[in-house]
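Below, chain A is the first sequence line, B the second, and so on; all start at residue 1. Only a predicted model underlies this, so the values are computations on that prediction, with no experimental measurement involved.
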Amino acid sequence: MGSGLKTFESDVLVLGGGPAGTWAAYTAASQGVKVVLADKGYCGSSGATAASGTNLWHVRSEPARREASIRRFLSRGNGLANRRWLEILYDHTKMGTEQLIELGYPFPLDEHGRPISRNLQGPEYMRLMRKTVRKAGVVILDHSPALKLITGERGVSGAAGVNLETGEEWSVHAKAVIIATGGCAFLSRALGCNVLTGDGYLMAAEAGAVLSGMEFSNIYGFSTEFSSCTKNFLYHWATFYREDNSVITNTDKRALAIEMQRAPVYARIDKASDAIQVAMRRSQPNFFLSFDRLGKDPFRERFPITLRLEGTVRGTGGINLVDDTCATNVPGLYAAGDAATREFVAGATTGGGHINASWAICSGRISGSAAADYALGTEAAAMRTQLHFRFTERHSAGKPARSMDMPSIVKSIQEEVIPYDKNLFRTETSMRASLARLNDLWKTIRLNEHDPNDVRALVRSREAASMIATARWMYTSALERKESRGMHQHDDYPAQDNGALYRVLISGVDSIRTQREPQSGGPDRS
Amino acid sequence: MIKYLSEDRCIQCNLCVKVCPTSVFDKVADHFPTISRQEDCQTCFLCEAYCPVDALYVSPMLDNTNEPLTVTPEESAMLGSYRQAIGWGKGRSSTASLDMTHILRDLVEDDAGPRS
């Protein structure tokens, strides 16, 4: 990294330019503060949403419907969701979709000409969000992964990273930082998820942030075996087959995983009427693109499927929030979207589908507003303690460069987190064994050195470290939760322990600490 | 994964270099961009969506790094098919307004949300 160093000053720095990051940046900028947004890829195409699309919570104005819907999600939240957060989520989803209509998102219209704001097409949505953020005056840094938070006496005061295009380092000095870097899908090739390697979790934890719900990080999504198309929704209309064409009647994901461990499993979308087929094609164009390009007809021909790990992208674990401003325990640091825990709204069940998409809007709006307020109340002078922070300083140990083979490190990580018999079917013995290997990998990656001029190698190494850290928090939290709840199915403790309701908080990078936070009530507590 | 960049069609606008979330392409001065890191392609088709001249072809296959960086006549006929499907490009309008997901959702949800 011999080349330059670019420094920026802002009130709010947003890391991540997906839905949560763009909502946060837009909201903060609308309050009149200076905002910089740094994305690892390109704000507008990065992340799980841009590549596909998302459903939003179906929100209506009638109070009775709001109440019924909140009750439904409370009952799905495994005792961990809470009413207050669900009310906030509902109301922000409503305000956010109204804003999207004003911003010009082309929602389909009902028979009265009113927009039906229940689903967002990814490319369109994220193109609009980029445009909106730019118009609001936000400075966007594309291809600019953050590598470390800058911390001062009063908490977080910015972040530093590299620009993959120019090879330059950058640092942004800010009064508040919002982490919206998404979840971690362990490079499992789930659609749009290759940039989602848990980078924000590691940066936050290094700055002292606590994470929560990391045991709820083992969601697997249906995918065509040959492609990255992880779309679960259309499988409602599928029949699942074995090699010999016999029908698999138990379509529970765990049952299907057992089948897949033995032999290939196939699906055919053969329960869809002609009208439904038309609706599907209009709703999920890139699902059909893959089939059309291969000359296959998913309505008539069976195709091999797999279950791809989507980690915390569809799981619910993430950086813990200490209040309803999306603040973390570190002063000046906020978390939004999949980078934050979604236990408060989705419990131990998947946050995938409408909850996560609504949560991105909600937590983006809340954190953006709170970070702007925080910045306005903070004096700039105190923030300049490390104005000349440079990432290279970390590598001045003088040891000989020991550059590692990243693909093989990534493969070693994946071998611990992707196999169904390790992560979907969890046992004490297997998790302890995985954790021991992951701890060794962590020690290895900490010694990694690389050519200082190769920013890509630096970023790859950081991604690997983030995935290892995420996996270690995942199994450590899962070992702490000695019961089964939601997606966390612990085969040594197959029952849900209704006598003890708690969240598992976790912190630390080299040495990891967990703590149970008792939760007070059942699904209907208010 | 990305497997083709049409040198005939490419106008060297370098939008693909800019929008690719995993930095698969490299800009080359006075030249069309190169597919420098094909193995990093996540098959999200977004480069195709942004390419103004339909010069790119992304294969839906994940493991095609050993295939030649060219297209068959059938594949060539599908250049730009994703951009067309989402209604991007001059003279088109976004097909987001034709989205029928809500109709599908009504078949698996009731008034309060997903049925348990």
- Checking Leu289(A) against chain B: side chain, backbone, both or neither under 4.5 Å from a heavy atom? side chain
- Query: Which residues, numbered in order, of residues 33-40 of chain B come under 4.5 angstrom of chain A by heavy-atom distance?
  - Reply: Arg37(B), Asp40(B)
- Query: Measuring heavy-atom distances to chain B, does Phe73(A) have an atom under 4.5 Å in its side chain, in its backbone, in both, or in neither?
  - Reply: side chain
- Task: Please flag which part of Tyr105(A) lies under 4.5 Å from any non-hydrogen atom of chain B: side chain, backbone, both or neither.
- Result: side chain
- Taking the side chain from Arg293(A) and the backbone from Pro60(B), do they hold a donor-acceptor pair closer than 3.5 Å? no
- Item | Atom group of Glu74(B) that falls short of 4.5 Å from chain A, counting heavy atoms | neither
- Task: Check each atom of Phe288(A) against the heavy atoms of chain B and say whether the ones under 4.5 Å are side chain, backbone, both or neither.
- Result: neither
- Among Ala51(A), Ser290(A), Cys43(A), who wins on heavy-atom pairs under 4.5 Å with chain B? Ser290(A)
- Message: Which atoms of Arg456(A) are under 4.5 Å from chain B, going by heavy atoms: the side chain, the backbone, both sets, or neither?
- Response: side chain
- Pair count under 4.5 Å, heavy atoms only, with chain B: among Arg281(A), Arg65(A), Arg60(A), Arg118(A), highest is Arg118(A)
- Task: Heavy-atom distances under 4.5 Å only: say whether Gln84(B) touches chain A with side chain, backbone, both or neither.
- Result: neither
- With sequence neighbours excluded, tell me which residues meet side chain to side chain donor-acceptor pair (under 3.5 Å) with Trp237(A). none
- Query: Which residues satisfy the side chain to side chain donor-acceptor pair (under 3.5 Å) test with Ser223(A), sequence neighbours excluded?
  - Reply: Arg308(A)
- Just by modelled atom types, is the Lys18(B) backbone N or O under 3.5 Å from a matching donor or acceptor in the His143(A) side chain? yes
- Message: With a 3.5 Å distance limit and no angle check, can you tell me whether Gln42(B) reaches the backbone of Asn194(A) through a side-chain donor-acceptor pair?
- Response: yes
- Any pair with a residue in residues 55-64 of chain B that passes side chain to side chain donor-acceptor pair (under 3.5 Å), sequence neighbours left out, goes on the list, sorted by first then second residue, please. Arg189(A)-Asp63(B)
- Query: Relative to chain B, which segment of Glu67(A) carries a heavy atom at a distance below 4.5 Å: side chain, backbone, both, or neither?
  - Reply: neither
- Message: What part of His58(A) gets within 4.5 angstrom of chain B, counting heavy atoms only: side chain, backbone, both, or neither?
- Response: both
- Among Met280(A), Gln284(A), Arg127(A), Arg66(A), the residue with the most heavy-atom pairs under 4.5 Å to chain B is Arg127(A)
- Stepwise side chain to side chain donor-acceptor pair (under 3.5 Å) test for Arg282(A) and Thr101(B): CA-CA 8 Å; Arg282(A) 288 209 185 157; Thr101(B) 309; over 6 Å; no
- Task: Please flag which part of Asp39(A) lies under 4.5 Å from any non-hydrogen atom of chain B: side chain, backbone, both or neither.
- Result: neither
- Item | Region of Phe107(A) that comes under 4.5 Å of a non-hydrogen atom in chain B | backbone
- Message: Taking side chain as everything from C-beta outward and backbone as N, CA, C, O, which of these in Ala50(A) sits under 4.5 Å from a heavy atom of chain B? Side chain, backbone, both or neither.
- Response: both
- When rounded to the nearest 0.5 angstrom, what is the spacing between CG in Leu107(B) and CD1 in Ile276(A)? 5.0 Å
- Output yes when a side-chain donor or acceptor of Ser45(A) lies under 3.5 Å from a complementary backbone atom of Val19(B), and no otherwise. yes
- Message: I need the Ser283(A) OG to Leu98(B) CG distance, nearest 0.5 Å.
- Response: 10.0 Å
